[in-house]
Amino acid sequence: MEADKNTVVPGRLAVDLCGLVLKNPVMTASGTFGYGEEYAPFCDLNRLGAIVVKGLSLEPRAGNPPPRIMETRCGMLNAVGLQNVGVRAFIAKKLPFLRQFNVAVIANIFGETIDEYRRVTEILTHAAGVNAIEVNISCPNVKKGGVAFGAHPDAAASVTEAVRGETDLPVIVKLTPNVTDITEIAQAVESAGADAVSLINTLTGMSVDIERRRPHLANVTGGLSGPAVKPVALRMVWQVIRSVKIPVIGIGGISTAADALEFLITGASAVQIGTANFIHPAATMEIIDGIEDYMIRHRIGCMQDLLGSLQTDG
Amino acid sequence: MEADKNTVVPGRLAVDLCGLVLKNPVMTASGTFGYGEEYAPFCDLNRLGAIVVKGLSLEPRAGNPPPRIMETRCGMLNAVGLQNVGVRAFIAKKLPFLRQFNVAVIANIFGETIDEYRRVTEILTHAAGVNAIEVNISCPNVKKGGVAFGAHPDAAASVTEAVRGETDLPVIVKLTPNVTDITEIAQAVESAGADAVSLINTLTGMSVDIERRRPHLANVTGGLSGPAVKPVALRMVWQVIRSVKIPVIGIGGISTAADALEFLITGASAVQIGTANFIHPAATMEIIDGIEDYMIRHRIGCMQDLLGSLQTDG
Amino acid sequence: MAEKPSIAIGQVMENRSVAPGHFLLTIRLPLSFATPIPGQFVMIRDPDRDEPLLPRPISVYGFQREDGHAILNLLCRVAGRGTSLFSRLNSGSTLTVLGPLGRGFTIDPDVRQILLVAGGVGAAPLAFLLQECVFSKPHSAKRQVTAYLGAGTAELLTGLNRFEGFCNLRTATDDGSCGYHGNVTEMLALDLGEYDAKSTLILACGPMAMIRSLDLLLRDTRIRCQVSLEERMACGVGACLGCVVAIKEGEGRNGYRRVCHDGPVFDIGEIHWNPPVEG
Amino acid sequence: MAEKPSIAIGQVMENRSVAPGHFLLTIRLPLSFATPIPGQFVMIRDPDRDEPLLPRPISVYGFQREDGHAILNLLCRVAGRGTSLFSRLNSGSTLTVLGPLGRGFTIDPDVRQILLVAGGVGAAPLAFLLQECVFSKPHSAKRQVTAYLGAGTAELLTGLNRFEGFCNLRTATDDGSCGYHGNVTEMLALDLGEYDAKSTLILACGPMAMIRSLDLLLRDTRIRCQVSLEERMACGVGACLGCVVAIKEGEGRNGYRRVCHDGPVFDIGEIHWNPPVEG
Ligand SMILES: Cc1cc2nc3c(=O)[nH]c(=O)nc-3n(C[C@H](O)[C@H](O)[C@H](O)COP(=O)(O)OP(=O)(O)OC[C@H]3O[C@@H](n4cnc5c(N)ncnc54)[C@H](O)[C@@H]3O)c2cc1C
Ligand SMILES: Cc1cc2nc3c(=O)[nH]c(=O)nc-3n(C[C@H](O)[C@H](O)[C@H](O)COP(=O)(O)OP(=O)(O)OC[C@H]3O[C@@H](n4cnc5c(N)ncnc54)[C@H](O)[C@@H]3O)c2cc1C
Ligand SMILES: Cc1cc2nc3c(=O)[nH]c(=O)nc-3n(C[C@H](O)[C@H](O)[C@H](O)COP(=O)(O)O)c2cc1C
Ligand SMILES: Cc1cc2nc3c(=O)[nH]c(=O)nc-3n(C[C@H](O)[C@H](O)[C@H](O)COP(=O)(O)O)c2cc1C
Ligand code: FES
Ligand code: FES
């Protein structure tokens, strides 16, 4: 084991996430950290709690035509369209790089049919070096006419069951915020065997170029992420924490240690950093340091004493 | 009629909103412009398309305990809790002030029961000087355990029918964005007789004071508004425009003429300015001027040629 | 009577650090900017930035007209992100200034003795009040003014120079580094018996804990007391209903009043402490 | 070989307006900042602001090491809100600089004649290439360099001084105010026959319309051509997949490649124009 910064106070930042012991609760969010290698020049990957890789499908996907991204006030829209190398190329070409580091690797997966989710899970389970599966259920369910699996409790539960049946790895289900009642979906996937839930994925948004009178994105709509969405994400995390027993991973607009602490104090067991990596490539490093500084300043000896320590009246 | 700036090119900015002819498509959003008088020192109220007043209930309401507001990145949370003077005090004490101006007055209303909506509507319909009713269905439906009327198509339709049955004034139904499918709600209120829909109300959010480890708002959660939410609002406006035939009023994060133009080009018949009034009390004046400048620069002679002129591929 | 407020474009003439975490902004405004009443405040915002998004309320600390301009002084404490960004404004930069806003202090004609009670940067509106009393209104010279200023340390007794020589002055510091060793209300308590309840008026501004203990101290006296309250604000003009405090409305009824519009100055007896206004 | 990129804190030494809507930033960086290859870019951001939130990609226009620092020059055009805010940065202000990033131009050993073709601010990476050719690599003196620079008006022919005297120079303006009256590709077309296809390399940067017409012009020749492309970026390092262009992958297959990581320099023949990359 390397004598890295985290081991100065051994385990102060350590968290146990459904059996997966992480050095600290700070992970990278899927789609915002590539396959790790892109950020290796700027971050010490060994210091991360976990790396969640870009969403993987059974076959490689080309994704949407450009323009794919647009900045909005304190946020960004993306319509990458789940471009990825496919699960087999990931295992052959990307995983060996990640295995060099002492960091948990979480494979984010998606499919257009339940069977696709099942097969991607099967392949990943047999590949050494994947520590958990994160199931993205925000993508269109082709059978249900393109509505996201994550928008309906039954569909979300079916995907979860299928993945659960295929692997012994921890299964994290990633929820979409574009729903009336996220607790309903969280409870459905908990019952279906999810070990944890992570939220939020992006909020659907849109932006128009008034000079050309066209949408900024070729896809018209895209997913909103970044600091703008943090209040919505935190509210949903708070709601879900109070409605399920499995751990909740907080995602959405986290760009500073203070942001991460809001989620942890609210009761998230870990956090994922997404758009902030683009804004500042060493964001994760500063967030890890900042959480530790806060705990020292507030004399909090371990994560258990921090997590969920929010006080509300009544 | 005064020879104000708008009449230089007569009617260039005029819009017809379900029979209500407005000087221009720029209104103030409910709860962000008081009863008009608060902003009279900073704005020429005669220049506004319409003023939508703070939400009115049958009886006065005290609202939530403070703290009620918190700034977030490019946005704000509020949990005012619908404090208001009540519909009768509005008519007696606030409406006479507004009647002095040559501006359409839209009364925003809410209730905890359908009957309350009906009675507020009845009282307003008999008071001279109200030009339309905007029905806020984002407030908790006490009968359904506090879930918003606006979260379910049937409940939304029932409220709309009740209000519709009570008045000849144009009825605008204001939709909440905290739903899986806003087009479903929009279609339900259209069928129930709404003359127009306005959207979005605030997105539910939360924020935590990490030093005190308490929510920033006494109410824990609040409504997110301001520039941060604009992409979500525009996306929903776009969806609703394509699914109903009645006019759509765009609301959410509009703070410049360019923002307003995004909604108008997408097809909103008018826009409402909310949080931007707090940021800059003369925001509405600059937005009206900016829309006119844009139309002149792009040689667009009337609103009809601008509204809905968005081009998308296929 | 308060004059009509406006939105003005101000230019920072000077931004000077006056103590750790405290800075004094001098802003040049158009001459048309209305004359503030002591206790009134302005909402300031950097128009080129998204952060802070909402303007921040700051009490008027000084105001003069000079060379065809109005000159506004603001004494500020770095409390969070917004004030921290303001503390870094360079001279020459632009600020929008909305104001003057709110209801200031009111001094009844029968008042002979004014006690100014301030905690920390709460000295700002009281310094402005003193300036107005001393310089603008010759008649008020008949009134005795005594200031009780408290702060954490001697260094943090900002604005002292605006009191020294213009009134009787008592200082208190938590660490005893200047004047009374303890908080300002305790110091006032020692003197309170010396003042004639009927002709004395206390004007106070400071942290909620100070206001609370002042309320307890005065409960059994008949001394009039006006306090300037603080609450988070969005609009500053009474439109958003964001900045309310619980106020006793008589006949056992309570209600929320807007700090920005119905205040920030309230009679201390109006405040409804239970449930506490914050925390 | 490209050196390893880093995130550096830069200080603006000078920010000079060079033409209407065009400015030249001179940024002081730590000596450890890697030496960029011509055609590479940096991502810059004001760390004190939320706007622009994402860093913006700008090509390296000049780079030297001096007095224990690295000095970076960027030539920028105000295109929108982000570049507009950058244009107002004062000297002394801080910028984060991520880079050098991407794949720059590659000059094969058999190249004898280099033609630089630029539209507007596209001159920036080519000026840096010329600087490197002329000053850093004595051997390359054997190569002829001719620059074809186009812009709207004479005034907008920014960076001209970095070409004059260092290579053959042809200019074109849309309004005819300087050099050829018309666009730069038309001007190049007139000369193209004079160059030996086998030993000539065209390096181009400019608006998509220019690249497109260059592609049409070169289609029937065998002249090699590398172009620097632009696309909206978020990360700049290949992670977000936001900045893709459609590329022919051979055997009739096409795919998206990242401008930031696989480019920004591509062989012109690789670009898949149908469906068009933008608009
Ligand atoms: C009428 C009035 C007059 C004021 N006069 C002065 C003055 O002369 N000098 C001065 O330094 N400060 C004054 N304040 C306080 C000042 O407005 C706040 O410190 C400031 O708004 C904090 O903004 P921020 O972005 O730095 O902090 P934030 O990050 O927003 O908050 C930091 C802390 O300040 C508190 N806070 C935030 N907004 C307010 C607010 N409006 N009032 C009270 N506390 C708040 C928060 O609860 C938090 O604890 C006044 C406030 C009011 C209401
Ligand atoms: C590799 C690379 C090198 C570049 N080098 C330079 C340079 O040396 N000098 C220079 O002035 N500009 C350069 N650009 C373009 C510059 O990045 C954009 O003009 C800038 O990002 C626009 O930001 P904004 O906030 O001002 O405009 P926005 O408001 O974001 O957009 C304004 C306009 O610029 C376009 N735009 C936005 N981002 C980009 C982008 N990344 N690339 C192309 N167009 C964009 C938009 O589509 C829109 O039409 C380069 C771009 C790339 C990709
Ligand atoms: C460019 C981009 C690509 C993304 N790709 C994926 C993905 O492949 N799978 C997934 O589950 N989430 C994806 N996301 C969502 C993020 O993982 C994250 O949930 C979201 O961005 C909110 O977090 P943030 O505000 O910190 O970015 C992507 C987000 C962005 C911005
Ligand atoms: C302080 C505040 C009070 C509000 N009160 C009401 C209200 O009484 N009735 C209502 O329908 N909407 C109310 N809203 C919602 C706004 O009218 C508007 O829909 C929302 O703020 C989004 O627009 P914006 O981003 O421009 O502010 C309120 C919003 C704010 C910020
Ligand atoms: S700040 Fe808006 S009502 Fe006081
Ligand atoms: S900008 Fe992120 S992949 Fe190119």
Side-chain angles (χ1 to χ4, degrees), chain B residues 28-43 53-55 60-85 209 211-212 214 216-218 222 225-228 253 255 274-283 285, chain C residues 2-9 34 43 45-47 49-57 79-82 96-101 208 229-247 249 253-262 272 274-279:
Chain B
T28 60
S30 178
T32 67
F33 208 70
Y35 300 102
E37 56 196 4
E38 294 85 350
Y39 279 100
F42 315 107
C43 290
V53 300
K54 173 70 188 166
R61 286 173 65 116
N64 289 328
R68 288 180 172 183
I69 52 178
M70 180 62 202
E71 181 166 324
T72 64
R73 299 282 285 277
C74 291
M76 66 175 280
L77 290 169
N78 92 79
V80 167
L82 297 166
Q83 173 178 348
N84 79 103
V85 296
D209 181 337
E211 297 303 322
R212 297 167 62 240
R214 301 183 72 94
H216 273 119
L217 302 180
S225 63
S255 51
T275 303
N277 294 304
F278 309 155
I279 301 170
H280 181 50
M285 302 293 111
Chain C
E3 294 176 42
K4 199 176 149 186
S6 62
I7 330 169
I9 304 290
M43 298 284 281
R45 181 166 187 275
D46 180 345
R49 281 190 186 252
D50 274 352
E51 205 195 6
L53 184 72
L54 298 169
R56 293 291 188 267
R81 179 82 181 146
T96 49
V97 180
L98 178 68
L101 299 170
M208 225 37 181
L229 299 183
E230 295 193 357
E231 192 45 68
R232 290 179 175 286
M233 293 187 176
C235 71
V237 300
C240 75
L241 307 180
C243 65
V244 298
V245 285
I247 291 289
E249 290 189 335
R253 288 191 311 121
N254 305 306
Y256 291 118
R257 296 261 204 95
R258 295 161 296 181
V259 169
C260 69
H261 190 263
D262 307 315
H272 183 59
N274 195 11
V277 170
E278 183 156 11

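Every chain is numbered from 1, with letters handed out A, B, ... down the list of sequences. All values below come from the heavy atoms of this structure, side chains included, with hydrogens, waters and symmetry mates left out. All values derive from a computational prediction rather than experimental measurement.
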#### Entry: Residue C:P47 versus chain B: region with a heavy atom under 4.5 Å
neither
### Summary
If one checks every heavy atom of C:L241 against chain B at 4.5 Å, the contacting part turns out to be both
### Task
Show your reasoning for whether side-chain contact (heavy atoms from CB on, under 4.5 Å) applies to B:R73 and C:R81.
CA-CA 11 Å; B:R73 299 282 285 277; C:R81 179 82 181 146; over 6 Å; no
### Message
Less than 4.5 Å to any heavy atom of chain C: does that hold for the side chain of B:P227, its backbone, both, or neither?
### Response
side chain
### Query
To the nearest 0.5 Å, what is the distance between NZ (C:K4) and CZ (B:F42)?
8.5 Å
### Query
What is the distance from atom OG1 of C:T96 to atom CD1 of B:I279, rounded to the nearest 0.5 Å?
10.5 Å
### Query
B:N64 versus chain C, heavy atoms under 4.5 Å apart: side chain, backbone, both or neither?
backbone
### Task
Please report the C-alpha distance between B:I69 and C:E231 in whole Å, then the side-chain angles of each, then the deciding distance to 0.1 Å, and finally whether the side-chain contact (heavy atoms from CB on, under 4.5 Å) criterion is met.
CA-CA 9 Å; B:I69 52 178; C:E231 192 45 68; over 6 Å; no
### Task
Please look at C:R49 and chain B and tell me whether the side chain, the backbone, both or neither of the residue comes under 4.5 angstrom of a heavy atom of that chain.
neither
### Query
Nearest 0.5 Å, what's the CZ-CE distance between B:R68 and C:M233?
13.0 Å
### Message
Do B:P281 and C:L98 make a side-chain contact, defined as non-hydrogen atoms from C-beta onward lying under 4.5 Å apart?
### Response
yes
### Query
What is the minimum heavy-atom distance between B:P66 and C:Y256, and which atoms define it?
CD-CE2, 3.6 Å
## Note on the structure
Highest number of heavy-atom pairs under 4.5 Å with chain B among C:S6, C:P55, C:C235 belongs to C:C235
### Query
How many angstroms lie between CZ in B:F33 and SG in C:C240, if you round to the nearest 0.5 Å?
13.5 Å
### Query
Roughly how far, to the nearest 0.5 Å, is CD of B:E71 from CZ of C:R56?
4.5 Å
### Summary
One should read off an interatomic distance between B:H280 NE2 and C:I7 CD1, to the nearest 0.5 angstrom, of 5.0 Å
### Message
Does any backbone or side-chain atom of B:Y35 lie under 4.5 Å from a heavy atom of chain C? Answer side chain, backbone, both or neither.
### Response
neither
### Query
Given the options C:A239, C:A234, C:G82, which has more heavy-atom pairs under 4.5 Å with chain B than any of the others?
C:A239
